[in-house]
Amino acid sequence: MKPEVIKIDDVEYVRKESNAVKLNGMEYCIVRTYSAGVYAGYVESQTGQEVVIRNARRLWSWDGARELTQLARDGTTKPENCKFPAEINKVKVLQAIEIIHCTSKGQKSIQGVAIWTM
């Protein structure tokens, strides 16, 4: 993917962060809910606080990122300490209170964490 170039007053700037790869037009995001936890995946739809997520992984526990916005932007530096179960095809979450769009770096890192099993 080519980096995004922004031109201001005849000066070109290259944006360092690139957006996550889309799936059928759906953006890869981290969705934090009020009581069902945190998910990462492709946001299919949002109606109020109801969000449908495709290829969703629950982010049970993470390390190597201070908080969710850093995880969405930079990913994790300690994937071996993260607890992310396998993806599920589709989940509808209620009471979503935050949707954070991921960069391509964050997406690749989250998707690269080994599946956590008991």
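The chain is numbered in sequence order, starting from 1.
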Practice task
Take the angle between the ring planes of Tyr28 and Tyr42 and call it parallel below 30°, perpendicular above 60°, tilted in between.
Solution key: perpendicular
Problem - Side chain Thr103, main chain Gly106, donor-acceptor under 3.5 Å - result: yes
Handout entry: Side-chain heavy-atom pair Val21, Gln107 within 4.5 angstrom cut-off
Key = yes
Kindly list each side-chain donor-acceptor pair under 3.5 angstrom involving residues 79-95, sequence neighbours excluded, with atom names and distances?
{"unit_1": "Asn81", "atom_1": "ND2", "unit_2": "Asp63", "atom_2": "OD2", "d": "2.9"}
{"unit_1": "Asn89", "atom_1": "OD1", "unit_2": "Arg54", "atom_2": "NH2", "d": "3.4"}

Practice task
Evaluate side chain to side chain contact (heavy atoms under 4.5 Å, CB included) for Ser109 paired with Thr76, printing each intermediate quantity in order.
Solution key: CA-CA 6 Å; Ser109 177; Thr76 174; 3.4 Å; yes
Problem - Check against side chain to side chain contact (heavy atoms under 4.5 Å, CB included), Ile30 and Ile110 - result: CA-CA 10 Å; Ile30 293 175; Ile110 292 167; 3.9 Å; yes
Problem - Distance, nearest 0.5 Å, that separates CG of Leu23 from CD of Glu44 - result: 9.5 Å
Practice task
Dump the intermediate steps for side chain to side chain contact (heavy atoms under 4.5 Å, CB included) on Thr69 and Leu71, then the final yes or no.
Solution key: CA-CA 5 Å; Thr69 53; Leu71 186 62; over 6 Å; no
Exercise for the section: Kindly indicate whether the side chain of Val113, heavy atoms from C-beta on, has any atom under 4.5 Å from the side chain of Arg57. Expected result: yes
Completion exercise
Taken in chain and number order and not counting sequence neighbours, the residues that satisfy side-chain hydrogen bond (donor to acceptor under 3.5 Å, both in side chains) with Asn24 are none
Problem - Heavy-atom side-chain contact between Ile100 and Cys29 under 4.5 Å - result: no
Handout entry: Glu67 CD to Arg32 CZ distance, which is reported to the nearest 0.5 Å
Key = 10.5 Å
Handout entry: Any donor-acceptor N/O pair, Arg73 side chain to Lys105 backbone, under 3.5 Å
Key = no
Problem - Gly48 backbone acceptor or donor facing Gln46 side chain under 3.5 Å - result: yes
Practice task
Please say whether more than 12 non-hydrogen atoms of neighbouring residues, nucleotides or ligands are located less than 6.0 Å from CH2 in Trp60.
Solution key: no
Exercise for the section: Looking only at non-hydrogen atoms, find the nearest pair between Gly75 and Ala65 and report the distance. Expected result: O-CB, 3.8 Å
Exercise for the section: Using the side chain to side chain contact (heavy atoms under 4.5 Å, CB included) rule, take Leu68 and Val38 through it: C-alpha gap first, then chi angles, then the decisive distance, then the call. Expected result: CA-CA 9 Å; Leu68 292 175; Val38 178; 4.0 Å; yes
Exercise for the section: Check the hydrophobic clustering (I, L, V, M, F, W, Y; side-chain heavy atoms under 4.5 Å; chains of links allowed) and say if Ile53 and Ile99 are grouped together. Expected result: yes
